[in-house]
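Just so it is clear: chains get the letters A, B, ... in the order the sequence lines come, proteins before strands, and each one is counted from 1. Just so it is clear, the model here is predicted, and its values are computed rather than measured.
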2 protein chains.
Amino acid sequence: MQLSKAFGYGIRALLYIAQHHQEGQNIGLQDLAEQLNAPRHFLGKIMQELSKRGLVHSAKGPGGGFTLKEETLDLPVIKVVEAIDGLESFKKCAMGFEECSEDHPCPLHDTIKAYKNGLLQSLRTHTLRDMRHRLDKDETFLKEI
Amino acid sequence: MQLSKAFGYGIRALLYIAQHHQEGQNIGLQDLAEQLNAPRHFLGKIMQELSKRGLVHSAKGPGGGFTLKEETLDLPVIKVVEAIDGLESFKKCAMGFEECSEDHPCPLHDTIKAYKNGLLQSLRTHTLRDMRHRLDKDETFLKEI
DNA sequence: AAAATAAAAGATATTAAACTCTTTTATTTT
DNA sequence: AAAATAAAAGAGTTTAATATCTTTTATTTT
């Protein structure tokens, strides 16, 4: 019933970059990890994956680090879930029935489906920009964890 | 985004017992595990926990096995979740913020909360009896996995 | 009482997620 | 070109969930 910790680190990292990026500057992994209170190398893998998938740009060497790709702020949050956790867990039957489906639903199917669909819908419609906007109203997040 | 496998085995076991119990007879672990296609010893631990918590009665020796306690059929499903998985995961922030709360919600808080509460509500109101009733309409479940 | 049965209990193995450490590679600065 | 910086990459550790195997204990049947 839980998105992974990796997802939490990843989305917080994206939002941190969105908030703190200055023209021509990269946000270093070290900096990111400290600010988010996330394990540096674990976060490194997550950022690597986000880089492979084109959500961020990464630069090596001095002054290196991460910046958001242009289009990333307008991606729906579900794309971040997909990149980090995948969408498998949205498909599995909560009771463990292999044959559970729309046509042949388990006793919890509709209940769980309502939850999952609602959540999915919300993750599909909210963009990172929306989320940054909410955070901008509350500076205490992403800073003093 | 997922209840554990253990929960799946546990609730299916309870429902199997509810459906197949004959007066004065126990359902053996061996039988249960085969019918549910669940790993025997793993299921054993789960049944042990359900026994400790008073949801089932267990008997050792020849003819031993499990039966439902009287009141179990009228328990809400959430009690099974609680017994097997605990309720911790319902409380954690999806974004990993430690300080996320009603007063200080993360950007996903309200979204997630709405659907979580819906799910909880449903798990609180549906009893095992309800679920057995649904299964009774569809004999293909709990049998030919 | 002895043998058989079946769950309880305990120890161990496997897998995946979460996390750490070290080495390599690319880049920049001197 | 050499030194310094910082991410990429790879290997290893830890923890929790899942799964298996073995031994013990309680009960029943003979």
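- Nucleic acid contact class of Gly61(A) (heavy atoms, under 4.0 Å, all strands): base.
- Nucleotide dA6(C) holds its C1' atom 13 Å from the CG atom of Leu32(B), rounded to whole Å.
- What separates CD of Gln48(A) from C1' of dT23(C) is a distance of 14 Å, to the nearest Å.
- Ion pairing between a basic and an acidic side chain is recognised when a charged N comes within 4.0 Å of a carboxylate O; Glu88(B) and Lys92(B) show no such pairing.
- In this structure, Glu88(B) places its CD atom 16 Å from C1' of dA17(D), rounding to the nearest Å.
- For dC19(C), the OP1/OP2 oxygens have a side-chain nitrogen or oxygen of Lys5(A) closer than 4.0 Å.
- By the 4.0 Å N-to-carboxylate-O rule, Lys113(A) lies close enough to Glu102(A) to be salt-bridged with it.
- Nearest to the side-chain atoms of Pro39(B) among the listed nucleotides dT18(D), dT20(D), dC21(C) stands dT20(D).
- Counting distance only, with no hydrogens placed and no angle test, the side-chain atoms of His41(B) and the base atoms of dC21(D) include a donor-acceptor pair under 3.5 Å.
- Nucleotide dT28(D) has dA3(C) as its partner under the Watson-Crick or G-U criteria, with both atom distances under 3.5 Å.
- Each of Ser4(A) and Pro62(A) was matched to the nucleotide of DNA chain C holding its nearest heavy atom; the match closer to the 5' end belongs to Ser4(A).
- What separates CE of Met47(A) from C1' of dA7(D) is a distance of 11 Å, to the nearest Å.
- For Lys79(A), the NZ atom is loosely surrounded, since the number of other residues' heavy atoms within 6.0 Å does not exceed 12.
- Of all nucleotides present, only dC21(C) satisfies the Watson-Crick or G-U wobble test against dG10(D), with each distance under 3.5 Å.
- When both pairing distances are held under 3.5 Å, dA13(C) makes a Watson-Crick or G-U pair with dT18(D).
- For dA7(C), the OP1/OP2 oxygens have no side-chain nitrogen or oxygen of Ser51(B) closer than 4.0 Å.
- Distances from the side chain of Ser58(A) to the nucleotides dA7(D), dT18(D), dT20(C) place dA7(D) closest.
- Distance, Leu43(A) CG to dA18(C) P: 13 Å, rounded to whole Å.
- With distances taken from any side-chain atom of Phe42(B) to the nucleotides dA7(C), dT20(D), dA8(D), the minimum falls on dT20(D).
- Within 4.0 Å (heavy atoms only), Tyr9(B) reaches sugar-phosphate atoms of the nucleic acid but no base atom.
- Contact annotation: the side chain of Leu128(B) approaches that of Thr72(B) to within less than 4.5 Å [non-hydrogen atoms, C-beta and beyond].
- In this entry the distance linking CD of Glu49(A) with P of dA9(D) reads 11 Å, nearest Å.
- Map Ala59(A) and Arg40(A) each onto its nearest nucleotide of DNA chain C; the residue landing nearer the 5' end is Arg40(A).
- The NZ atom of Lys45(A) sits 7 Å away from the C1' atom of dA9(D) (whole-angstrom rounding).
- The local environment of NE2 in His21(A) is crowded, with over 12 non-hydrogen atoms from other residues, nucleotides or ligands closer than 6.0 Å.
- Within 6.0 Å of the CD atom in Glu71(A), the count of heavy atoms belonging to other residues, nucleotides or ligands exceeds 12.
- The distance between atom CD of Gln25(B) and atom P of dA6(C), rounded to the nearest whole Å, is 12 Å.
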